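Every value quoted in this text rests on a predicted model; they were computed, and no experiment measured them.
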Amino acid sequence: MTKATKTKQTLPAPMTTVLEERIYQDIYDAIMEHRLPPRTKLTEQVLCQIYDTARHTVRKVLARLSSEGLVDLEANRGAFIASPSHAEVRDMFELRNIIEYAVLDKVGRQASTRQIAGLRKMVEEERQSYLSGDRPRWIRLSAQFHMALAELTGNDLLVDTLRKLVSRTTLMIAKTEAPGHNACSFDEHDTVLAALESGDVAQAQAHMAQHLHLCEDRVLPDTTEQFDLRSVLGKS
């Protein structure tokens with residue numbers, strides 16, 4: 001009886017974790033693909049119905065998305081997909097420029113050949129994901145490239161700060177179609193890496209500044225269009 005009781009108590013935990021991850025990935029992908037645009041309300045009750053789960057599970061997912069800058073939790077109003085003002089977007093890109101300039105300075109001085117090769121592999125995976133039409137994975141890798149560079153500094157506070165900035169700016173960038181002109185281009189990442197590999201940190205910093213400038217130029221215009229959660233996240 002004791003063993004059976006213990007088994008019943010331990011089974012729900014991993015199952016809940018899997019469901020939380022599924023909800024997180026569904027909402028993350030919908031945000032980054034602009035199927036759920038900024039200011040869309042993420043109603044707890046509707047999410048509970050879509051995923052047949054309890055409110056505390058949904059709230060954990062929304063808290064995670066909030067910590068990453070993708071969702072704004074407003075007192076007495078609920079959860080909304082983040083919608084930074086254009087002034088905030090401008091300020092965030094300015095801060096990203098400062099931080100990522102410093103990141104490249106440190107990485108350029110101390111990164112190993114093996115670490116740079118890892119970044120090169122990531123950019124190639126980003127390229128292949130885009131060319132194969134796997135937009136969610138491409139967007140994730142595109143954002144993760146910046147985080148992977150930051151992680152090479154070994155500064156956890158810097159990484160946490162940049163993560164939220166990358167998330168909030170990425171969700172505001174519009175879709176584009178042509179390779180080489182996409183929201184966070186693998187070609188632009190490639191030029192940064194090429195400069196690092198050649199030992200030219202200043203050139204890498206210049207390429208990154210140009211890349212971030214182009215990203216800022218792709219920011220979506222304000223929208224008031226409303227989307228139904230069930231039509232985007234609901235399963236048929």
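- With respect to the salt-bridge test (charged N to carboxylate O, under 4.0 angstrom), the residues Arg96 and Glu216 do not qualify.
- Ion pairing between a basic and an acidic side chain is recognised when a charged N comes within 4.0 Å of a carboxylate O; Arg168 and Glu88 show such pairing.
- A distance-only check finds a donor-acceptor pair linking the side chain of Thr161 to the backbone of Leu157 [under 3.5 Å].
- If you run side chain to side chain contact (heavy atoms under 4.5 Å, CB included) between Leu149 and each of Leu162, Val159, Leu104, only Leu104 comes through.
- Under the 4.5 Å side-chain heavy-atom criterion for Ile, Leu, Val, Met, Phe, Trp and Tyr, Leu158 and Tyr101 are members of distinct hydrophobic clusters.
- In Asp217, the CG atom is crowded: over 12 heavy atoms of neighbouring residues, nucleotides or ligands sit closer than 6.0 Å.
- Put simply, CD on Gln210 and CG on Asn97 are 10.5 Å apart, with the number rounded to the nearest 0.5 Å.
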inquiry  = I'd like to know whether Thr57 forms a side chain to side chain contact (heavy atoms under 4.5 Å, CB included) with Tyr51, so could you lay out the CA-CA distance, the side-chain angles of the two residues, the decisive distance to 0.1 Å, and finally the verdict.
reply    = CA-CA 10 Å; Thr57 300; Tyr51 292 99; over 6 Å; no
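- Residue Tyr28 holds its OH atom at 10.0 Å from CG of Leu65, rounded to the nearest 0.5 Å.
- When atom types are taken as modelled, the side chain of Ser198 and the backbone of Ala195 share a donor-acceptor pair closer than 3.5 angstrom.
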key: Worked check of side chain to side chain contact (heavy atoms under 4.5 Å, CB included) between Glu68 and Arg64   = CA-CA 6 Å; Glu68 296 179 1; Arg64 178 180 173 187; 3.7 Å; yes
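- The shortest heavy-atom contact between Leu70 and Ser167 is CD2-O, 3.7 Å.
- A pairwise comparison of heavy atoms in Ala79 and Val71 identifies CB-CG1, 3.9 Å as the closest pair.
- A salt bridge links Asp29 with Arg140; the closest basic N to acidic carboxylate O contact falls under 4.0 Å.
- Smallest separation of non-hydrogen atoms from Met92 and Thr169: CB-CG2, 3.9 Å.
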task = In sequence, state the C-alpha distance, the side-chain angles, and the governing distance for Glu126 and Gln144, and then conclude on side chain to side chain contact (heavy atoms under 4.5 Å, CB included).
result = CA-CA 10 Å; Glu126 183 188 345; Gln144 286 170 10; over 6 Å; no
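- Of all the heavy atoms in Ile116 and Ala111, the pair that sits closest is CD1-CB, 4.0 Å.
- With hydrogens and angles ignored, the 3.5 Å screen pairs no side-chain donor or acceptor of Asp190 with any backbone N or O of Phe186.
- Here the closest heavy-atom approach between residue Ala194 and residue Arg120 is recorded as N-NH2, 3.8 Å.
- The distance from atom CE of Met208 to atom SG of Cys215, rounded to the nearest 0.5 Å, is 9.5 Å.
- Side-chain atoms of Glu20 do not come within 3.5 Å of backbone N or O of Val61 as any donor-acceptor pair.
- Salt bridge annotation for Glu124-Lys121: absent, with no cationic side-chain nitrogen under 4.0 angstrom from a carboxylate oxygen.
- Under a 4.0 Å N-O distance rule, the pair Arg90/Glu94 does not qualify as a salt bridge.
- Around CD of Glu74, the count of heavy atoms belonging to other residues, nucleotides or ligands within 6.0 Å exceeds 12.
- Here the straight-line distance linking atom CG of Leu95 with atom CG of Leu165 works out to 5.0 Å at 0.5 Å rounding.
- Contact annotation: the side chain of His189 never approaches that of His207 to less than 4.5 Å [non-hydrogen atoms, C-beta and beyond].
- The CG atom of Asp160 sits 9.0 Å away from atom CG of Asn155, with the distance rounded to the nearest 0.5 Å.
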message = Set out, in order, the CA-CA distance, both residues' side-chain angles and the distance that settles side chain to side chain contact (heavy atoms under 4.5 Å, CB included) for Leu62 and Glu44, then state yes or no.
response = CA-CA 9 Å; Leu62 294 178; Glu44 288 183 7; 4.0 Å; yes
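- By the neighbour-count criterion of 12 heavy atoms within 6.0 Å, atom CZ of Phe80 is densely surrounded, having more than that number from other residues, nucleotides or ligands.
- By the criterion of side-chain heavy atoms lying less than 4.5 angstrom apart, applied directly or through intervening Ile, Leu, Val, Met, Phe, Trp or Tyr residues, Leu73 is grouped together with Ile27 in one hydrophobic cluster.
- Taking each heavy atom of Asp72 and Ser83 in turn, the nearest pair found is OD2-N, 3.8 Å.
- By the rule that hydrophobic residues join a cluster once side-chain heavy atoms approach within less than 4.5 Å of another member, Val192 and Val201 end up as members of separate clusters.
- The aromatic rings of His146 and His211 lie parallel to each other, their planes meeting at an angle below 30°, with 60° marking the opposite boundary.
- The main-chain N or O of Trp138 is never found under 3.5 Å from a side-chain atom of Ser142 such that the two would form a donor-acceptor pair.
- Rounding to the nearest 0.5 Å gives a distance of 14.5 Å between CZ of Arg22 and OG1 of Thr17.
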